[in-house]
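Every heavy atom of this structure was used, including side-chain atoms; hydrogens, water molecules and symmetry mates were not.
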Amino acid sequence: MRLVLLGAPGSGKGTQAARLKDHLQVPHISTGDLLRAEVAAGSKLGLEAKAVMDAGNLVSDEILLGMLEDRFSRPDTHGGFILDGYPRNLAQADALDALLKRIGQPMDFAVQLEVPTELLVQRIAGRAAEQGRKDDSPEAVRTRLKVYDELTAPVIEYYRQHGRLTVVDGVGSLDEVFTRIIEALEPAPTVG
């Protein structure tokens with residue numbers, strides 16, 4: 001199964017991706033982790049990315065897509081994967097679909113974890129307090145969530161129009177949300 005996991009910061013994406021990885025027996029590919037690993041390994045794309053980041057800029061879609069293509073070529077992804085943190089905008093969604101089509105691994109589902117904004121603010125503020133971070137004030141979090149909504153709304157609509165979007169209620173215990181995701185991905189057995 002090939003999944004894109006969508007959700008605002010604080011929606012529980014990373015936590016649920018780790019659980020899905022074990023349940024589905026496919027790798028969890030976080031673009032942030034992938035980027036850090038490529039930079040640490042000193043790969044060609046990693047060195048390009050490091051130069052861009054050292055200059056204070058965002059890594060280009062081309063570099064990220066190149067890293068993803070390399071990652072998808074590894075044997076552990078042949079049975080599927082869970083992609084977390086990408087695509088973040090419509091251009092990335094188009095590029096990802098083109099890449100997956102070219103390598104013969106089309107996306108099965110985009111799962112959106114839906115959580116009300118005020119609960120996201122509470123979750124992130126709680127996490128920031130635990131970690132001693134000062135940059136996650138409620139106002140800053142609301143601003144980040146607004147930007148996230150503006151950028152990803154077209155991505156969500158893209159997957160909806162292509163019939164691949166599954167929206168899951170992200171409110172509840174970790175187990176409740178995980179069960180909802182599994183139920184959304186695995187069709188109910190037919191009787192008869």
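- Residues Leu185 and Leu3 are in side-chain contact: their nearest non-hydrogen atoms beyond the backbone lie under 4.5 Å apart.
- Between Glu38 and Lys50, none of the side-chain N atoms (NZ, or NE/NH1/NH2) sits under 4.0 Å from a carboxylate O, so this pair counts as no salt bridge.
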Val52/Asp54 under side chain to side chain contact (heavy atoms under 4.5 Å, CB included): CA gap, chis, key distance, verdict:
CA-CA 6 Å; Val52 170; Asp54 287 349; over 6 Å; no
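- In terms of modelled atom types and a separation under 3.5 Å, the side chain of Arg2 and the main chain of Pro106 share a donor-acceptor contact.
- With hydrogens and angles disregarded, a donor-acceptor distance shorter than 3.5 Å links the side chain of Thr31 to the backbone of Gly85.
- Listed here is the closest heavy atom pair of Leu35 and Ala49: CD1-CB, 3.6 Å.
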After noting the C-alpha distance and the side-chain angles of Met53 and Val59, does the key distance pass the side chain to side chain contact (heavy atoms under 4.5 Å, CB included) rule?
CA-CA 7 Å; Met53 293 185 304; Val59 175; 3.6 Å; yes
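- To the nearest 0.5 Å, atom CZ of residue Phe72 and atom CD1 of residue Ile29 are 5.0 Å apart.
- Within the model, atoms CZ of Arg71 and CG of Leu65 stand 15.0 Å from one another, a figure rounded to the nearest 0.5 Å.
- Heavy atoms only, all atoms of each residue included: Ala110 and Leu6 are closest at CB-CD1, 4.2 Å.
- Summarising the geometry, atom CG belonging to Asn89 is positioned 10.0 Å from atom OG1 belonging to Thr152; distances are rounded to the nearest 0.5 Å.
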Run Asp94 and Tyr158 through side chain to side chain contact (heavy atoms under 4.5 Å, CB included) and show every step you take.
CA-CA 9 Å; Asp94 276 332; Tyr158 175 89; 3.1 Å; yes
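- Both Ile82 and Val177 belong to a single network of hydrophobic side chains, linked directly or stepwise wherever heavy atoms of I, L, V, M, F, W or Y lie under 4.5 Å apart.
- Remark: Asp149 does not engage Lys146 in a salt bridge, criterion side-chain N to carboxylate O under 4.0 Å.
- Side-chain atoms of Glu176 come within 3.5 Å of backbone N or O of Ser173 as a donor-acceptor pair.
- At a threshold of 4.5 Å between non-hydrogen side-chain atoms, the residues Arg102 and Leu99 count as touching.
- A distance of 4.0 Å separates CG in Asp61 from CD in Gln92, rounded to the nearest 0.5 Å.
- With respect to Pro9, the side chain to side chain contact (heavy atoms under 4.5 Å, CB included) criterion is satisfied by exactly one of Val141, Leu145, Val121: Leu145.
- Using a 4.0 Å cut-off between charged side-chain N and carboxylate O, Asp97 and Arg164 make a salt bridge.
- Between the CG atom of Leu100 and the CE atom of Met107 there is a distance of 5.0 Å, given to the nearest 0.5 Å.
- Salt bridge Lys21/Asp84: absent, no basic N to carboxylate O contact under 4.0 Å.
- The two residues Ala93 and Pro87 come nearest to each other via the heavy atoms N-CB, 3.4 Å.
- One N or O on the side chain of Ser43 and one on the backbone of Gly46 form a donor-acceptor pair closer than 3.5 Å.
- Looking only at atom types and distance, the side chain of His162 has no donor-acceptor partner in the side chain of Glu157 under 3.5 Å away.
- For the atom pair OG1 (Thr77) and CG (Leu83), the distance works out to 11.0 Å, reported to the nearest 0.5 Å.
- Residues Leu113 and Ile156 fall into different hydrophobic clusters, defined by Ile, Leu, Val, Met, Phe, Trp and Tyr side chains chained together at heavy-atom separations under 4.5 Å.
- Asp22 approaches Gln25 most closely through the heavy-atom pair O-NE2, 2.5 Å.
- One hydrophobic cluster, built from ILVMFWY side chains closer than 4.5 Å, holds both Leu5 and Ile182.
- A salt bridge links Glu118 to Arg142: at least one charged side-chain nitrogen sits closer than 4.0 Å to a carboxylate oxygen.
- Listed here is the closest heavy atom pair of Val155 and Leu90: CG2-N, 3.7 Å.
- Note on Tyr148 and Val115: separate hydrophobic clusters, where clusters join Ile, Leu, Val, Met, Phe, Trp and Tyr whose side-chain heavy atoms are under 4.5 Å apart, directly or indirectly.
- Side-chain atoms of Val111 and Val4, non-hydrogen and from C-beta on, never get closer than 4.5 Å to each other.
- Side-chain atoms of Tyr159 do not come within 3.5 Å of backbone N or O of Gln112 as any donor-acceptor pair.
- Residues Ser11 and Leu120 come closest through the heavy atom pair N-CD2, 3.6 Å.
- No side-chain donor-acceptor contact under 3.5 Å links Gln16 to the backbone of Gly12.
- Taking the centre of each ring, Phe81 and His28 stay at or above the 6.0 Å mark.
- Between the side chain of Arg180 and the main chain of Val171, a donor-acceptor pair closer than 3.5 Å is present.
- The same ILVMFWY cluster, assembled from side-chain heavy atoms under 4.5 Å apart, contains both Leu45 and Ile103.
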Pair Phe178, Leu20 - check side chain to side chain contact (heavy atoms under 4.5 Å, CB included), show working.
CA-CA 8 Å; Phe178 181 73; Leu20 285 166; 3.9 Å; yes
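- The local environment of CZ in Arg19 is crowded, with over 12 non-hydrogen atoms from other residues, nucleotides or ligands closer than 6.0 Å.
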